[in-house]
Participant: 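My questions all concern the structure below.
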Amino acid sequence: MDLGPYLLLATLEGAVMASVLALTAVGLSLVFGVMRVVNIAHGEFFMLGAVLAWYITQVIGGPPGLGFVAALVAAPLIVGTIAVAADIAILRRLDYDPERTIVATIGLLYIIQQLTLMGYGPEARPVGPPFNARLALPWVQIKDGAFALYWPWGLGTTSYKLAVIGAGAIVLLGVWAMMARTRVGLVMRAVQADRDMALAFGIPVERVYAMVFGIGAALAALAGVLVVPISQAHYLMGADPLLLAFTVVIIGGLGSLPGTVVAAILIGLSDGMISVFFSPTLAKILATLLVALVLVFRPQGLFGSRAG
């Protein structure tokens, strides 16, 4: 059996997962890096994005592309607004204390989950992709010293999955540009470096925290919207993205956006390949072992810096 086409298919599937995972994990890393808050409810923001995508497409109706584009814009804005409200109502009152905010976000997780169950129901519901053309995967075969391009029967991907990869890359570049090239990013980096000094210079730190919490939630919601045409919207779908996002953030380094992206690509590609050739369970086991090795030999993560 020629493994080449199957390896290409596994790589593409892994790249789709890496794109979605990077968006989710970057939101989590951004919140921790600036606010020093471990957001246990982050996976529920991902789930809300998927559920809202289903609601929006149902309300708008018409061609699948119209409702989906509306969901791409509206769902992250709605979830980001909910996150800002949660920050003002809960986290700010706790003065962003690390231990108490963990407990508070656990409570927020269950509140969001149960409210979604009450309003949305326990069913898993699909959202149609805006486009879904089947694309055969070409492969180059060397035979008798000559190159031959062929398309293995039955092996291929869809145009939507390729679009998810591209959308993830564009959004991540946008986040990098915001952090590195804009005044908003400069303010966020100043707060991250020294909260007290930022306060002394008149930066409204609490507003920055609310904005960062909202952006992190919006990124997770966007990932949920992008993935729901591939999977289905379900009120319990936030658990796996949360665990994988924490895995990525730990490996990449807490608060390191470049490390988070690199770790997401590593985990996503390896998960895709192992899932195609072996089993998804083995992929999760190996990811857990990798986290354990990182914690033992490099506790600050691959791109993190030692405290002090």
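In this text the structure is predicted, and so the values were computed from the model without any measurement. Keep in mind that the numbers below use all heavy atoms, side chains included, and drop hydrogens, waters and symmetry copies. Each residue takes its place number in the sequence, starting with 1.
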Participant: Please check if the number of heavy atoms outside Met178 that lie under 6.0 Å from its CE is greater than 12.
Facilitator: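 Yes, CE of Met178 has more than 12 neighbouring heavy atoms, counting only those of other groups under 6.0 Å.
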
Participant: Would you compute the distance between atom CE of Met17 and atom CD of Glu13 and round it to the nearest 0.5 angstrom?
Facilitator: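 The CE atom of Met17 sits 11.0 Å away from the CD atom of Glu13.
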
Participant: Is there a path of hydrophobic side-chain contacts, each under 4.5 Å between heavy atoms of I, L, V, M, F, W or Y residues, that connects Val208 with Leu94?
Facilitator: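 They do share one cluster, since a chain of ILVMFWY contacts under 4.5 Å joins Val208 to Leu94.
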
Participant: Give me each pair satisfying ring-ring contact (aromatic ring centres under 6.0 Å, His included) with a member in residues 177-208, each pair once, sequence neighbours excluded.
Facilitator: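 Listed once each, the pairs would be none.
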
Participant: Minimum heavy-atom separation for Leu172 and Ala22, please, with both atom names.
Facilitator: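 The pair with the smallest heavy-atom distance is CD1-CB, 3.6 Å.
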
Participant: State the CG-CZ distance between Leu222 and Phe46, to the nearest 0.5 angstrom.
Facilitator: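 Answer for the CG-CZ pair, Leu222 versus Phe46, is 10.0 Å.
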
Participant: For the residue pair Arg93 and Ile88, establish whether any side-chain heavy-atom pair is separated by less than 4.5 Å.
Facilitator: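 No; the side chains remain at least 4.5 Å from each other.
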
Participant: Using atom types as modelled and distance alone, determine if a side-chain donor or acceptor of Arg181 lies under 3.5 Å from a backbone N or O of Ala177.
Facilitator: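 No; judged by distance alone, with no hydrogens or angles, the pair does not exist.
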
Participant: Heavy-atom distance under 4.5 Å between the side chains of Pro98 and Val37, does that happen here?
Facilitator: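 They are not in contact (no side-chain heavy atoms under 4.5 Å apart), so the answer is no.
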
Participant: Return the CG to CZ distance between Leu243 and Phe246, rounded to the nearest 0.5 Å.
Facilitator: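 Rounded to the nearest 0.5 Å, the CG-CZ separation comes out at 8.5 Å.
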
Participant: Nearest 0.5 angstrom please: Thr101 OG1 to Arg92 CZ, how far?
Facilitator: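 Thr101 atom OG1 to Arg92 atom CZ measures 14.5 Å (nearest 0.5 Å).
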
Participant: Give a yes or no on whether Leu23 and Val175 share a hydrophobic cluster (residues Ile, Leu, Val, Met, Phe, Trp, Tyr; joining criterion: side-chain heavy atoms under 4.5 Å apart).
Facilitator: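 Cluster IDs for Leu23 and Val175 match.
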
Participant: Measuring from atom CG of Leu242 to atom NE2 of His42, what distance do you get when rounded to the nearest 0.5 angstrom?
Facilitator: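 If we round to the nearest 0.5 Å, Leu242:CG and His42:NE2 are 8.0 Å apart.
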
Participant: Mind checking salt bridge (charged side-chain N to carboxylate O under 4.0 Å, His left out) for Glu123 and listing every partner two or more places apart, or none if nothing turns up?
Facilitator: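 With neighbours one apart ignored, the set is Arg125.
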
Participant: Which ring-ring contact (aromatic ring centres under 6.0 Å, His included) pairs, counting each pair once, include a residue from residues 68-119, with sequence neighbours left out?
Facilitator: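 Counting only pairs at least two positions apart or across chains, the ring-ring contact (aromatic ring centres under 6.0 Å, His included) contacts touching residues 68-119 are Phe68-Tyr160, Tyr96-Tyr209.
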
Participant: Restricting to salt bridge (charged side-chain N to carboxylate O under 4.0 Å, His left out), what partner residues turn up for Asp97, sequence neighbours left out?
Facilitator: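 For Asp97, the residues satisfying salt bridge (charged side-chain N to carboxylate O under 4.0 Å, His left out) (neighbours in sequence not counted) are Arg100.
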
Participant: Just wondering, do Leu290 and Ile267 contact through their side chains at under 4.5 Å, heavy atoms?
Facilitator: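 SC-SC contact between Ile267 and Leu290 confirmed.
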
Participant: Within the structure provided, determine whether Lys161 and Ile165 are in side-chain contact (heavy-atom separation under 4.5 Å).
Facilitator: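 Contact flag for Lys161/Ile165 side chains = no.
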
Participant: So, does Thr57 use its side chain to make a donor-acceptor pair with the main chain of Trp54 at under 3.5 Å?
Facilitator: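 Such a contact is found between Thr57 side chain and Trp54 backbone.
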
Participant: Return the set of residues passing side-chain hydrogen bond (donor to acceptor under 3.5 Å, both in side chains) with Thr24 (not counting sequence neighbours), or none when no residue passes.
Facilitator: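 Once residues adjacent in sequence are excluded, Thr24 has no partner under the side-chain hydrogen bond (donor to acceptor under 3.5 Å, both in side chains) criterion.
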
Participant: Within the structure provided, determine whether Phe45 and Leu108 are in side-chain contact (heavy-atom separation under 4.5 Å).
Facilitator: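 They are in side-chain contact.
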
Participant: Grab the two heavy atoms, one from Ala71 and one from Ala53, that are nearest each other, plus how far apart they are.
Facilitator: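 Smallest heavy-atom distance, with atoms named: CB-CA, 3.8 Å.
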
Participant: How close do Leu226 and Val164 get, counting heavy atoms only, and between which atoms?
Facilitator: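 Heavy atoms of Leu226 and Val164 come nearest at O-CG2, 3.9 Å.
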
Participant: Kindly determine whether Asp95 and Arg195 satisfy salt bridge (Lys or Arg N to Asp or Glu O under 4.0 Å), including the steps that lead there.
Facilitator: CA-CA 12 Å; Asp95 198 28; Arg195 173 184 174 176; 3.7 Å; yes

Participant: Mind listing the closest non-hydrogen atom pair of Glu206 and Asp87 along with its distance?
Facilitator: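 So the two residues come closest at O-OD2, 4.4 Å.
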
Participant: Is Ser29 reaching over with its side chain to a backbone N or O of Ala25, donor-acceptor style, under 3.5 angstrom?
Facilitator: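 Such a contact is absent between Ser29 side chain and Ala25 backbone.
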
Participant: Of the non-hydrogen atoms in Met237 and Ala233, which two are nearest, and what is the gap between them?
Facilitator: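 Heavy-atom minimum between the residues: SD-CA, 3.8 Å.
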
Participant: Rounded to the nearest 0.5 Å, how far does CG of Asn39 lie from CG of Leu30?
Facilitator: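 Taking CG in Leu30 and CG in Asn39, the distance rounds to 11.5 Å.
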
Participant: Are Val69 and Val79 joined in one hydrophobic group, where the rule is that I, L, V, M, F, W and Y side chains link up if heavy atoms are under 4.5 Å apart?
Facilitator: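 Looking at the clustering, Val79 is in a separate group from Val69.
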
Participant: Considering residues at least two apart in sequence or located in another chain, which fulfil the side-chain contact (heavy atoms from CB on, under 4.5 Å) criterion with Ile102?
Facilitator: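 Listed in chain order: Val38, Ile40, Ile106.
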
Participant: Kindly give the heavy-atom pair with the smallest separation between Arg189 and Ala180, and that separation in Å.
Facilitator: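 So the minimum-distance heavy-atom pair works out to NH2-O, 3.9 Å.
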
